Amino acid sequence: MKKKEVQMMNNRNKTSAIIFILSIFILSVFFLFPSSSFSAEKSLPSYLTKALKKINPNEVYELCKIISSSEFAGRLTGDEGYTKAAQWAAKKFKRWNLQPAFQAGFLQPYPSPFSLIDEAEMSLLLPGQESHQVTKLKPIEDFLPLLFSDSGDHAGEAVFVGWGISAPDLGYDDYAGLDVQGKFVLCFRGTPNPQDKRFQLHDEHRHRMKVAREKGALGLIYIYPNPLANPNGDRIEGFTPAIISEKIADLILKEKGINAAELKKDLQKYQKPLSFPLKTKIHLQVKTRFFPEGKGYNIVGLIPGSHPNLKKEWLIYGAHFDHCGKHLGQIFPGADDNASGSAVVMAIAQAMARLKPRPKRSVAFILFGGEEMGLQGSQYFVAHPPQKIETMEAMFNFDMVGEGDGAIVIHSPQPEELVHSFQKADEYLSLIIRTAPIRGVGVRGSDYASFFQKGIPCINFISNGPHLHYHLPGDTIYRINPDMLAAMAKLAFLTGYFWANR
Ligand SMILES: [Zn+2]
């Protein structure tokens, strides 16, 4: 034997020894942990592994890119950009052989009045300033009108009114003893006690605006860490609400020797009204166009189940398709919020449509309008469903699933089978980093809230973020991770398959 051959023999022996040890290890893992991902992968039928493989990061990303493109102008429900996008999505559903959920087709129209902000100027006359020295604020960076503002040119003193809540029946009134007639009221968003659900109604933008108007205010100015776009409210004639940054609020509060952050902390700590008039004068000019006849659309496609009896039951995949639109010459593209969720729902629809065999139960895919305006599309859908709401067995919602690298899953605690569905799916995909049960829904939920209120079990999928440019022009496609989109689509596809095929 030559030296080389001996070496090869030794290597061969070594290799067989390694293979032997490895086999023992793999077998013991198999017997010790039969439900581990290893055995699970073995048990996944090939038509599912094939379907998962076909969910391609570039393709989901491309959908997200189109939805958030300037052609659709930020998809403000009612506006032509949204309508164009809705027609585009309906065409895709048709091409992928989904069935329209309504006799008239894929689109479910509903009334959606909306406004566009064309111009806005805001300035402060701080104590001690002469009228030619006013502090001019920068739009978007320092201030932004709420997107349902009316046109107006108003000047008035500022009055700080805590949370802007007047609820004498709950023993709490931020307006008590104050005259806000012809003035701007300044407040934070929130309630004195977040645990106390009785305050929930008072935390709705619509309610807070109405109260301020009834008290005679010119407008309500929210203090947020930074201004952001918000169409969630109704136009009130002659009323010009807006948001200012904490930095600007600090300038206004300086005369009282306090800053916004401390003031908010005090309100939270003492849970008592802490309101006061200020010497600063606010001047706000807004030019808007109001469209009372606006029409919104839900886009609904269906894949019928394969089981003769069970197909009457629906699983719903939903995402809000709308965002904040284009104002002051700036598009709010909403790539993460929520072109990402819409793209994921569309990708799952495409994957489910080419799946053979189809799951036993039917699967519906809905792109909702008007979520940013207060869940309007999903509220309309549950009030006008294409078939009895009782047959809708579960709803999976996707809102902001494009940034980051992990999934957060918020879910109804019951039924257990639903929880098992996403747990089992995650054994293959290892994407979930956190889960939490839904205990109740408030005024800040996404579209799943509309279904949860009807007693339908829900799962809400979110990515771990950071969602840094929330409701800002910076929420662009460049922040989106294609792998995140595809991984989320795969996780939810498999979860839904397990659930709908049980
Ligand atoms: Zn959203």
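Remember, it's 1-based here, ligands and their atoms both numbered in the order they're listed. Note that these values count all heavy atoms, side chains included, but never hydrogens, waters or copies made by symmetry. Please read these numbers as outputs of a predicted model, since none were measured by experiment.
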> Do Phe143 and Tyr222 make the cut of ring centroids closer than 6.0 angstrom?
Replying inline: no

Is the distance from the Zn ion (ligand 1) to the nearest N/O/S atom of [X] under 2.8 Å?
| X | result |
| --- | --- |
| Asp399 | yes |
| His323 | no |
| Asp337 | yes |

> What closest approach, in Å, do His467 and Asn464 show between heavy atoms, and which atom pair accounts for it?
Replying inline: NE2-C, 4.1 Å

> Could Arg213 and Phe239 be counted as a cation-pi pair, given that NZ or CZ must be under 6.0 Å from the ring centre and within 45° of the axis?
Replying inline: no

> Under the 3.5 angstrom rule, does the side chain of Tyr175 hit a backbone N or O of Lys215 as a donor-acceptor pair?
Replying inline: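 Flag not set: sc Tyr175 to bb Lys215 has no pair under 3.5 Å.
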
